[in-house]
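Inspection log for the structure reproduced underneath, given as structure tokens.
In what follows, chains are A, B, ... by sequence order, proteins preceding strands, each numbered from 1. Just so it is clear, the structure is predicted and the values come from calculations on it, not from any experiment.
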Number of protein chains: 2
Amino acid sequence: MKTSAEQAYEFIRTEILASRFPSGSRLPEEKIAAQLDISRTPVRDALRRLHSDGLIDLTANSGARVASWSAVELMEMSELRALLESFAVGLAARKINAGELANLVQLCDEMEAALSVDKVDLDVISANNVTFHRSVANAAGNSRLTANLESLWTFPLMVRKFALFGDDRLKRSLDHHREITTALHAGDPQWAEAIMRTHILAARAYDAALVSDPQLSENGQSQIAS
Amino acid sequence: MKTSAEQAYEFIRTEILASRFPSGSRLPEEKIAAQLDISRTPVRDALRRLHSDGLIDLTANSGARVASWSAVELMEMSELRALLESFAVGLAARKINAGELANLVQLCDEMEAALSVDKVDLDVISANNVTFHRSVANAAGNSRLTANLESLWTFPLMVRKFALFGDDRLKRSLDHHREITTALHAGDPQWAEAIMRTHILAARAYDAALVSDPQLSENGQSQIAS
DNA sequence: GAAGCTGTAATTGTATACGAAATCATAGAT
DNA sequence: ATCTATGATTTCGTATACAATTACAGCTTC
């Protein structure tokens with residue numbers, strides 16, 4: 001059986017990622033505790049963890065709020081991702097093994113299958129997308145690098161429903177994944193780094209347009225809406 | 001007045017960095033709480049924070065231990081630092097202002113003063129060293145980048161007493177700082193990135209020799225000693 | 001002597017209680 | 001009508017109690 005703290009962590013995280021706890025909203029310990037029928041103590045633990053994940057802001061004596069990011073911060077995060085993931089894929093190209101490669105190929109296959117049918121399965125694509133990037137980072141064999149990337153993969157999960165919808169961007173993104181896999185198979189670090197950087201900066205350009213769109217913003221300060 | 005949680009955090013962190021809580025040793029909540037005359041609750045908070053800082057390991061139902069790093073992990077951390085800080089200093093070279101530059105110059109002056117006298121003041125040099133790197137990262141203007149670097153600056157603080165002692169490495173390190181400042185003043189991102197990378201990889205080479213030295217290792221597995 | 005078992009002590013996980021600080025709604029002043 | 005002040009309410013910070021789990025010493029067994 002899972003601990004109450006773990007349960008609270010997963011619950012709050014899921015609700016935030018699903019935007020059922022909207023960006024900027026308060027997260028009172030007692031209410032969440034009551035909702036899960038546990039006490040405040042494990043909820044506090046969960047909130048601290050989520051804070052270090054960057055998902056919530058904590059203010060002394062005032063409690064937790066779901067984090068919100070400005071357009072500038074989103075740009076910063078994408079730049080970091082481009083830097084770290086291109087570095088990671090370069091390392092991976094030098095040392096990836098057959099099993100890891102086969103895994104990446106399968107993830108690509110599944111994503112393309114989820115796209116090729118009439119009804120696009122965004123849940124599968126989104127989940128596999130994160131798994132793909134995580135697998136590449138793991139293949140680089142630098143655990144701290146992976147840890148630093150983890151928080152940067154969280155945000156795309158939140159906006160995927162906007163970012164991936166109704167566009168040929170999705171097909172292009174899957175093509176990128178396929179090409180990254182090919183470059184890794186070829187053991188070509190420079191190629192791998194270039195296509196990974198392309199992949200992330202292409203997404204950044206789209207996200208930027210998204211965030212500056214007032215329709216999707218919470219207010220004029222261009223923050224990510226619920 | 002500081003909160004008890006903050007007090008516990010700073011206390012434990014200080015003791016770890018001073019190696020009075022040796023690497024690998026257990027950190028029982030109750031004993032620390034008794035030592036500070038507070039309850040376990042704020043101590044738990046502090047331990048969770050230190051865990052996300054990477055300073056301690058947490059095991060379910062078994063508690064906290066001071067983290068220890070293998071030689072491989074130290075190498076990984078240095079590689080990450082080289083990547084992130086050279087990126088940061090490149091950004092900084094494009095946008096740093098006069099006030100920030102003057103601050104860096106003063107830090108260099110103070111470090112050189114602490115070295116030039118007969119008795120080397122390692123405390124001043126160590127403190128200014130971290131401040132210098134933090135200031136450069138701040139000048140880059142990417143808050144998430146700074147946050148990711150923060151945990152990577154922690155380790156050098158722990159081993160400084162070994163790493164900086166009895167060597168001309170110290171003078172070379174201060175020369176690097178001076179040259180980084182000069183490159184920033186010139187607004188030359190490539191120069192700045194190159195000298196920053198040099199600075200960090202030079203330290204890495206020294207750390208590697210240090211860690212593989214069994215005299216300074218806790219055991220044959222080449223971990224950092226207390 | 002080494003390996004496995006067992007019971008006690010130590011330690012963590014969680015619940016609950018209370019004082020302190022912040023928030024919010026209401027009333028009054030400009 | 002807007003702003004400010006004030007009291008009630010909410011919420012957090014911390015202490016404490018108890019249950020659940022783990023660690024360790026001493027014993028047994030081979």
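- If you take CZ of B/Arg44 and C1' of D/dT16, they are 14 Å apart, rounded to a whole angstrom.
- One atom, CD of B/Glu6, and another, P of C/dA21, lie 16 Å apart when rounded to the nearest Å.
- With a 6.0 Å radius and a threshold of 12 heavy atoms from other residues, nucleotides or ligands, A/Glu150 has its CD atom above the threshold.
- Note on B/Leu47: nothing from the nucleic acid sits closer than 4.0 angstrom, heavy atoms only.
- Of the candidate nucleotides D/dG13, D/dT14, C/dT12, C/dT12 has the atom lying nearest to any side-chain atom of B/Glu29.
- Out of D/dT11, D/dT14, C/dT14, the shortest distance to the side chain of A/Ser39 is found at C/dT14.
- When heavy atoms are screened at a 4.0 angstrom cut-off, A/Arg26 is found touching the sugar-phosphate backbone but no base atom.
- One N or O on the side chain of B/His51 and one on the backbone of B/Ile56 form a donor-acceptor pair closer than 3.5 Å.
- At a threshold of 4.0 Å, the pair B/Glu85-B/Arg81 counts as salt-bridged, since one of the basic side-chain nitrogens sits closer than that to a carboxylate oxygen.
- A/Ala137 and A/Leu149 get closest at one heavy-atom pair: CB-CD1, 4.2 Å.
- Considering only side-chain atoms of B/Ser62, the nucleotide from D/dT16, C/dG13, D/dA23 that sits closest is D/dA23.
- Within 4.0 Å (heavy atoms only), B/Ile32 reaches no atom of the nucleic acid at all.
- Taking atom NE2 of A/His51 as the reference point, atom P of D/dC12 lies 15 Å away to the nearest angstrom.
- Computed from coordinates, the B/Asp45 CG to D/dA15 P distance equals 11 Å when rounded to whole Å.
- For B/Arg40, counting side-chain heavy atoms from C-beta on, the closest listed nucleotide (C/dT23, D/dA17, D/dT14) is D/dA17.
- Ranked by how close their nearest DNA chain C nucleotide is to the 5' end, A/Thr41 and A/Asn61 are led by A/Thr41.
- Note: CZ (B/Arg65) to P (D/dA23) measures 8 Å, nearest angstrom.
- Ring orientation note: the planes of B/Phe21 and B/Phe11 are nearly perpendicular, at an angle over 60° on the 30°/60° scale.
- Two residues, A/Ile38 and A/Thr59, neighbour DNA chain C, and the one matched to the more 5' nucleotide by heavy-atom proximity is A/Ile38.
- The CG atom of B/Asp57 sits 14 Å away from the P atom of C/dT12 (whole-angstrom rounding).
- One finds a side-chain N or O of B/Arg48 lying less than 4.0 angstrom from the OP1 or OP2 phosphate oxygen of C/dG13.
- In this entry the distance linking CD of B/Glu30 with P of D/dA17 reads 11 Å, nearest Å.
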